[in-house]
Amino acid sequence: MEAIPIEFDSKKFQEDLISWFAEEKRDLPWRRTADPYQIWISEIMLQQTRVDTVIPYYKRFVEKFPTLNDLANAEEEVLLKQWEGLGYYSRARNLQAGVKEVAEKYNGIVPSTRKEISSLKGVGPYTAGAVLSIAYGVPEHAVDGNVMRVLSRILLVEEDIAKPKTRKTFEDAVMEIISHENPSFFNQGLMELGALICTPTSPKCLLCPVREQCGAFHEGRQHELPVKTKAKKSKELHYAMLAIRSGETVLMEKRPESGLLANMWQFPMVEMGGAVLPEGLDEHLSENFKGTVENTEQITSFKHVFSHLTWNVDGFIAQGDGLTVPSHMKWVTAEELELLPVAGPVRKMKEALRQRGDV
DNA sequence: CATCCGTGGGC
DNA sequence: TGCCCAAGGAT
């Protein structure tokens, strides 16, 4: 299989792409550092996440954990609090695990070979190539969604980019055409092109620095590529979420250490069979919490959409004096609540409480 | 390989 | 409004 057209001029492509990137690249915070550790952080945060979303998180994060050792020694709860709102929270825990391994096994120096850096937690094929090329100038592929979209158009690749197997086609292609003089600008140029010019819906081909060598542009097929199959629809779940209060404190529980929103905190939740509120909620809760939950009052109702499922949440306040609670729960003051890392649905509940003046 | 794992913005 | 999307990785 030959992905690269025989007449493709790699040298000219490299020059056009790199010159354009040098001229037009955005001034982003992680482009102002040469520290492999900080570049690594940016690449993790940018996974499946928009640049505009990442910028403030990245700035706060490197200010809080300026060096690799600062992050290696951080409390997980502090780390997750910094990550709150970014999503895909396992990224944060995997990043710290990887950083700890670099601190212990590599004397604090981020390794510069694909084999070694790929062995770190949370570092896959893309991130490995990105850090290697950007931080160390190593000519390695860094194939993300942008690169697959851009190259599928330029090289007229018709394979389904939703299939894992397809990535290798593009990795091979990049290794054939990558600049060995400036692999950093080459890889970043491909991604920047995908972000600014060769966009999914309305590519700005007349502004493209490499349209002369683009197969899709020549054939007027830029809107047909890439080929990408659709994901299946998500499932729906219904929960009652409870702000159970006693005195000046509210009851919180820590989620399991694996799975959805692992190790994040939440108001205790009860799964409901259907969309209808169950009768006798207080009694059900009182059994659940080994004590009396009373004066339950609904204060909000909302939907929270995750990538693969949807929560329909009814939010309640209740009184829970004298409850005996399991070890993964604890009573916290309003001040302590603000230090706990919580995800989207809990933030919506907190907002509902705030509007009532309850927290 | 298919599924799991968040969030907010754009159309 | 519903769907797609964004610098993916682990299992």
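Per chain, numbering begins at 1; letters A, B, ... match sequence-line order. Hydrogens, waters and symmetry mates are skipped; everything else that's a heavy atom, side chains included, is used.
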Can you check the L86(A) CG to dG6(B) P distance for me, whole Å?
-> 12 Å
Rounded off to whole Å, could you give me the CD-to-P distance for the Q47(A) and dT7(B) pair?
-> 16 Å
Using atom NZ of K303(A) as one end and atom P of dT7(B) as the other, report the distance to the nearest whole Å.
-> 16 Å
Take atom CZ of R91(A) and atom P of dG6(B), then tell me their distance rounded to the nearest Å.
-> 9 Å
Would you classify V123(A) as touching base, sugar-phosphate or nothing, given that sugar-phosphate means primed atoms plus P, OP1 and OP2, and contacts are heavy atoms under 4.0 Å?
-> sugar-phosphate
Side-chain ion pair, D27(A) and R32(A), N-O less than 4.0 Å | yes
Checking all strands, does A195(A) fall into the base, sugar-phosphate, or nothing category for heavy-atom contacts under 4.0 angstrom?
-> nothing
How is R26(A) classified with respect to the nucleic acid when contacts are heavy atoms under 4.0 Å: base, sugar-phosphate, or nothing?
-> base
Donor-acceptor pair under 3.5 Å, S307(A) side chain vs dG6(B) base = yes
Length of the CG-P vector between N263(A) and dC5(B), whole Å | 14 Å
Between dG8(B) atom P and D52(A) atom CG, what is the distance in whole Å?
-> 14 Å
Listing time: all N or O pairs from protein to nucleotides 4-6 of chain C that are below 3.5 Å?
{"residue": "dC5(C)", "atom": "O2", "partner": "R50(A)", "partner atom": "NH1", "Å": "3.1"}
{"residue": "dC5(C)", "atom": "O2", "partner": "R50(A)", "partner atom": "NH2", "Å": "3.3"}
{"residue": "dA6(C)", "atom": "N3", "partner": "Q48(A)", "partner atom": "O", "Å": "3.2"}
{"residue": "dA6(C)", "atom": "N3", "partner": "R50(A)", "partner atom": "NH1", "Å": "3.3"}

Does the separation of the ring centres of F306(A) and H304(A) fall below 6.0 angstrom?
-> yes
N/O (side chain, H308(A)) to phosphate O (OP1/OP2, dC5(B)) under 4.0 Å | yes
When you check the gap from the basic side-chain N to the acidic O, do K350(A) and E338(A) get nearer than 4.0 Å?
-> yes
Relative to the 5' end of DNA chain B, which residue comes earlier, A162(A) or G344(A), by the nucleotide with the nearest heavy atom?
-> A162(A)
Touch class at under 4.0 angstrom, heavy-atom based, for R347(A) against every strand present = sugar-phosphate
Give a yes or no on whether the backbone of V342(A) and the side-chain of Q266(A) come within a donor-acceptor separation of less than 3.5 Å.
-> no
Picking from dG9(C), dT7(B), dC1(B), the nucleotide nearest the side-chain atoms of Y126(A) would be dG9(C)
Measure from CH2 on W311(A) to C1' on dT7(B) and round the result to the nearest Å.
-> 14 Å
dC5(C) and dG6(B): how far apart are their C1' atoms, nearest whole angstrom?
-> 13 Å
From the candidates dT7(B), dC5(B), dA10(C), the one with an atom nearest any side-chain atom of N94(A) is dA10(C)
Is K81(A) salt-bridged to E75(A), going by a charged N under 4.0 Å from an acidic O?
-> no
Report the residue (S42(A) or L120(A)) whose heavy-atom-nearest nucleotide on DNA chain C is the more 5′ of the two.
-> S42(A)
For T127(A) and Q47(A), test the side chains for any donor-to-acceptor distance below 3.5 angstrom and give the result as yes or no.
-> yes
Nearest-Å distance for atom pair OH/C1', residues Y89(A) and dG8(C) = 17 Å
With sugar-phosphate meaning primed atoms plus P, OP1 and OP2, does W83(A) contact a base, only sugar-phosphate, or nothing at under 4.0 Å between heavy atoms?
-> nothing
Looking only at atom P, what distance separates dA6(C) and dC4(B), rounded to whole Å?
-> 22 Å
Is any side-chain N of the basic residue among R354(A) and E351(A) closer than 4.0 Å to the acidic one's carboxylate O?
-> yes
From the list dG8(C), dT7(B), dA2(B), which nucleotide is the closest neighbour of the side chain of T127(A)?
-> dG8(C)
Judged by atom type as modelled, is there a donor-acceptor pair below 3.5 Å linking the side chain of R31(A) to the main-chain atoms of R26(A)?
-> yes
